[in-house]
Amino acid sequence: MSKAEKTAIVTGAGRGIGRAIAISLHKQGYNVVIGYAGNDEAAEETKRLCKDNDIEGEVVTVKGDVSKEDTAMRLLEAALNMNGRVDVIVNNAGITKDNLLARMDEEDFERVVDVNLKGAFLLSKAALRPMMKQRFGRIINISSVVGVHGNAGQANYSASKAGLIGMTKSIAKEIAARNITANAIAPGMIETDMTDVLSDKVKAEINASIPAKRMGTPEDIANAVLFLADEKSSYITGQVLSVDGGMGM
Ligand code: NAP
């Protein structure tokens, strides 16, 4: 049994936003399960960065595709093995396969929806039973500003992120009476590998269009996760918290 009282699962925690979330939760005293797709080195680095803080509690990595049920089961098992609880799940794993609608392959549509939306469905479903038993739970889904507003070239991605918002609200209604909340966070442009593919020119244009005049950091999103995960946030459910420097206003 771990000495930490609370346990969190963060998918897509090998890099970027998920890494910052995993580190922040561990700093708050959570055991953390780091989910990732295939980059072993990055996931081990996240684990090392968590451990660097010398906090009590365990940190484990679980490799697997979130769009497969087996991965959800293994993530859950890893959490329950630590202290028999799963307090927080953060459905953060996500991919893009951008193209204009006329050129978008059916496969690219399906893959993005499978990872970004079905992945969150599978882990939320798996975590529900232990959360109901312990009469506490926090489901936090990482959506996007484009799930609210849409974006040219991202019909698949926006559909998955808008779907995530609808699913979050439906789940929230189902489980609110059990002291389990479900909320979504809608990040704007955040500095990670996902946005690093943009040219400096495009980044400068985007920055100029953001009221805060800068891209966000993964820690900006992690701070919002800590807020929603807190026991004091028990009366906040079914919400979409924009963390976007005003981009979506
Ligand atoms: P990122 O740097 O590209 O990292 C993605 C993470 O997801 C990696 O750890 C990756 O694992 C994991 N992953 C990808 N496909 C997976 C799969 N099929 N199964 C399991 N894990 C998978 O992404 P990010 O920018 O941090 O984005 C994190 C989340 O925030 C995503 O849902 C994204 O849509 C959302 N978001 C990002 C931005 C932004 O500006 N960056 C804005 C709005 C929303 P490996 O490391 O093993 O490859």
Side-chain angles (χ1 to χ4, degrees), residues 9-24 32-47 49 61-75 78 89-98 108 110-123 140-151 154 156-165 167-168 184-198 202-203 206-207 209-210 212 214-222 224-225 240-245 247-248:
I9 300 172
V10 186
T11 66
R15 294 178 283 125
I17 294 171
R19 172 181 282 177
I21 294 170
I23 294 169
S24 296
V32 177
V33 181
I34 296 166
Y36 70 106
N39 190 334
D40 300 318
E41 216 172 294
E44 285 305 318
E45 178 66 3
T46 302
K47 184 174 172 178
L49 290 165
T61 57
V62 173
K63 175 154 73 171
D65 179 353
V66 288
S67 71
K68 307 279 183 244
E69 193 177 20
D70 164 67
T71 304
M73 292 308 171
R74 287 189 297 110
L75 288 163
I89 61 167
V90 185
N91 288 304
N92 166 77
I95 55 167
T96 53
K97 286 187 183 290
D98 298 351
D108 286 352
E110 284 179 352
R111 182 66 187 145
V112 168
V113 172
D114 269 2
V115 173
N116 299 4
L117 180 56
K118 188 176 144 195
F121 157 74
L122 290 170
L123 183 60
I140 302 171
N141 294 324
I142 307 300
S143 177
S144 168
V145 65
V146 309
V148 182
H149 297 278
N151 194 26
Q154 292 197 305
N156 50 359
Y157 184 77
S158 323
S160 71
K161 295 298 184 179
L164 209 42
I165 291 172
M167 189 172 80
T168 303
I185 293 173
M189 289 292 292
I190 310 297
E191 287 167 358
T192 69
D193 292 348
M194 189 178 268
T195 47
D196 206 35
V197 293
L198 302 171
V202 171
K203 280 187 196 163
I206 291 171
N207 283 352
S209 72
I210 300 170
R214 66 165 178 94
M215 285 173 74
T217 64
E219 289 71 27
D220 288 324
I221 308 306
V225 169
V240 184
L241 178 56
S242 294
V243 184
D244 62 2
M247 196 179 176

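Just follow the structure's listing: the first ligand is 1, and inside any ligand the first atom is 1. What you see is a predicted model; the values in this text were computed from it and never measured.
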inquiry  = Could you go through V112 and T96, starting from their C-alpha distance and side-chain angles, then the distance that decides it, and tell me whether this counts as side chain to side chain contact (heavy atoms under 4.5 Å, CB included)?
reply    = CA-CA 6 Å; V112 168; T96 53; 5.8 Å; no
Please confirm whether the backbone N or O of [Y] pairs with a side-chain atom of [X], one donor and one acceptor, at under 3.5 Å?
{"X": "N92", "Y": "I142", "answer": "no"}
{"X": "N91", "Y": "L123", "answer": "no"}
{"X": "R19", "Y": "G14", "answer": "yes"}

ask   = Do I185 and I221 have side-chain heavy atoms sitting under 4.5 Å apart?
value = yes
query = Are D65 and S67 linked by a side-chain donor-acceptor pair shorter than 3.5 Å?
reply = yes
remark   = Less than 4.0 Å from some atom of ligand 1, heavy atoms are found in residues G12, A13, G14, R15, G16, I17, Y36, A37, G38, N39, G64, D65, V66, N92, A93, G94, I95, R111, V115, I142, S143, S144, Y157, K161, P187, G188, M189, I190, T192, D193, M194, T195
